[in-house]
Number of protein chains: 2
Amino acid sequence: MAGHKQAAPLRADDLTAKARIRNAALILFAENGVDATSLRVVAEAAGVTVGLIVHHYGTKEALREAVELAIVDQFEVAIESVPLNSQPPAKVVTERDLAVARMLQQTPAIVDYLRRAILDGKGERGDLVSRLSELTAQQVRELRDAGLASTKNTLGEQVISIMVRQLGRLFLQPLVDQIADEFAAELTGSQKPRLTVTVER
Amino acid sequence: MAGHKQAAPLRADDLTAKARIRNAALILFAENGVDATSLRVVAEAAGVTVGLIVHHYGTKEALREAVELAIVDQFEVAIESVPLNSQPPAKVVTERDLAVARMLQQTPAIVDYLRRAILDGKGERGDLVSRLSELTAQQVRELRDAGLASTKNTLGEQVISIMVRQLGRLFLQPLVDQIADEFAAELTGSQKPRLTVTVER
DNA sequence: TAGTAACTCGTACAAACGTACAGTCACTAA
DNA sequence: TTAGTGACTGTACGTTTGTACGAGTTACTA
């Protein structure tokens, strides 16, 4: 299942038109939402015409699917960049966390897209969130088999803990930033507040 | 500034058509987003025709404004339902928190709408978030004048702390719920996990 | 009672959207 | 060379959207 990924580069200058379309769509979807982004502005951003988008992806929904697939891909690549047996198992967890964090920081559009996806998520199986949860669950199972992750809590609880800790802070940051900007005059000198999200029970 | 509010009831059966339109819009905007909600479905939900919406509100943007105004109104009413001098000042804070929490629980559409508003927030002054921040700031100032709230942290920090603690949990809950549903089989017996959001520094 | 203002409806329209399709170009295989 | 295939363009079409507007109805006032 963890086959060799081609990793579909999200950042490069010489890409096929098909990839340029997908990357432009990710950025625009993340920034303005899928509904508010017309295929025409995607085409313009990618330097192609609307017809070509239809040619390559068929429908807008299929383009969205491709964008989400690319996002899951990035997560997989980041996680697999730290193999299970490469380090003392205690370090694998924190290293993988770091790799994902670096990936998200390098492609902030993914964070923005995820925020919207979770918001609009119809909770259907096959959802983007579902796929990421499954990915996380696999990771937890791996760690358990290696005798590392505790088996005291249920798998579901561990998955929630990981994803919410990782994503929750990123989701709430815009709220913090906006408020911080408005009271910038009174937040003298000190850096912007930081969030921590914890899951209990 | 804290004049007598007419409180614009959000839940009642005998309302003017104008109010029914606003309430239907709040619910539908919250559920599907503003862009994905056509004036025609709002009209149907309110039991009127599209023409009447235009007559009362002019544009869709103005209708959205009215919805947001009604939300801010609800917050004000909830806060002012616990007057400053009604109780020992130590209790005023927790009682006001409770009043707001009750209001949000009673009208969950407000929570959903807020989640979307923060997401799409263009960060402009006059925003919904801006207005709520200002409302919170006023509250904090009142408490400071009463000698209750600490003046050790800046006003901005206190506003962020209050709003994020109050709203952050509600925003992340759908994420937790969706994941919890998918691992329902493994979350045997135990209730759903609970979130806590804290702000540092 | 007459009149006027507000409420409500139904229709109409321009703009924007996603999609379909015919056609052009470049390149490869036979 | 010829036939064919995939990338790519431009136009066109049907649908849905927000908005405009005239006409009918109700309610209140003089």
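Here is the naming used below: chain letters follow the sequence lines, and residue numbers restart at 1 for every chain.
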Visitor: Could you tell me whether B:T49 contacts a base, only the sugar-phosphate backbone, or nothing, with contacts defined as non-hydrogen atoms closer than 4.0 Å?
Guide: base
Visitor: Round to the nearest Å and state the distance from A:R64 atom CZ to C:dT19 atom P.
Guide: 12 Å
Visitor: Write down the distance between CZ (A:R20) and C1' (D:dC8), rounded to a whole number of angstrom.
Guide: 11 Å
Visitor: Nearest to the A:K60 side chain among C:dG18, D:dT19, D:dT9, which nucleotide is it?
Guide: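 Ranking C:dG18, D:dT19, D:dT9 by closest atom to the A:K60 side chain puts C:dG18 first.
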Visitor: Start at the 5' end of DNA chain D and walk down; is the nucleotide closest to A:H56 or to B:G58 reached first?
Guide: A:H56
Visitor: With no hydrogens and no angle check, do the side chains of A:Q74 and A:T107 hold a donor and an acceptor under 3.5 Å apart?
Guide: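 No, because no side-chain N or O of A:Q74 sits under 3.5 Å from a partner of the opposite role on A:T107.
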Visitor: Mind calculating the distance between CZ (A:F29) and C1' (C:dG18) to the nearest angstrom?
Guide: 12 Å
Visitor: Any carboxylate oxygen within less than 4.0 angstrom of a Lys/Arg side-chain nitrogen, looking at B:R64 and B:E61?
Guide: yes
Visitor: A:K18 has an atom NZ; how far is it from atom P of D:dT9, in whole Å?
Guide: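 The distance from NZ of A:K18 to P of D:dT9 comes to 16 Å, rounded to the nearest Å.
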Visitor: What nucleotide, of C:dC17, D:dT9, C:dC7, holds the atom closest to the side chain of B:L52?
Guide: C:dC7
Visitor: Among C:dC9, C:dG18, D:dT19, which nucleotide sits nearest the side chain of B:V48?
Guide: C:dC9
Visitor: Answer with base, sugar-phosphate or nothing: what part of the nucleic acid does A:V50 contact at a heavy-atom distance below 4.0 Å?
Guide: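 Counting heavy atoms under 4.0 Å across all strands, the contact made by A:V50 includes a base.
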Visitor: Which residue, A:R40 or A:G51, contacts DNA chain D at a nucleotide closer to its 5' end, judged by nearest heavy atom?
Guide: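 Its nucleotide being nearer the 5' end, the pick is A:G51.
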Visitor: Between B:I21 (CD1) and D:dT19 (P), how many Å, whole number?
Guide: 14 Å
Visitor: Without decimals, in angstroms, what is the distance between B:I53 CD1 and D:dC21 C1'?
Guide: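 Going from CD1 in B:I53 over to C1' in D:dC21 covers 17 Å.
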Visitor: Checking salt bridge (charged side-chain N to carboxylate O under 4.0 Å, His left out) against A:R96, which of A:E76, A:E80, A:E142 comes through?
Guide: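 Single salt bridge (charged side-chain N to carboxylate O under 4.0 Å, His left out) partner of A:R96 among A:E76, A:E80, A:E142: A:E142.
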Visitor: Taking atom CD as the centre, does A:Q87 end up with more than 12 heavy-atom neighbours from other residues, nucleotides or ligands that are less than 6.0 angstrom away?
Guide: yes
Visitor: With a cut-off of less than 4.0 Å, is there a side-chain N or O of A:H55 near OP1 or OP2 of C:dC21?
Guide: no
Visitor: List the atom of B:I179, the atom of A:S133, and the distance in Å for their closest heavy-atom pair.
Guide: CG1-OG, 3.7 Å
Visitor: In whole angstrom, give the distance that lies between atom CG of A:L28 and atom P of C:dG18.
Guide: 12 Å
Visitor: Just the rounded figure in Å: distance from P of D:dT19 to CD of B:E61.
Guide: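 Taking CD of B:E61 and P of D:dT19, I get 9 Å after rounding.
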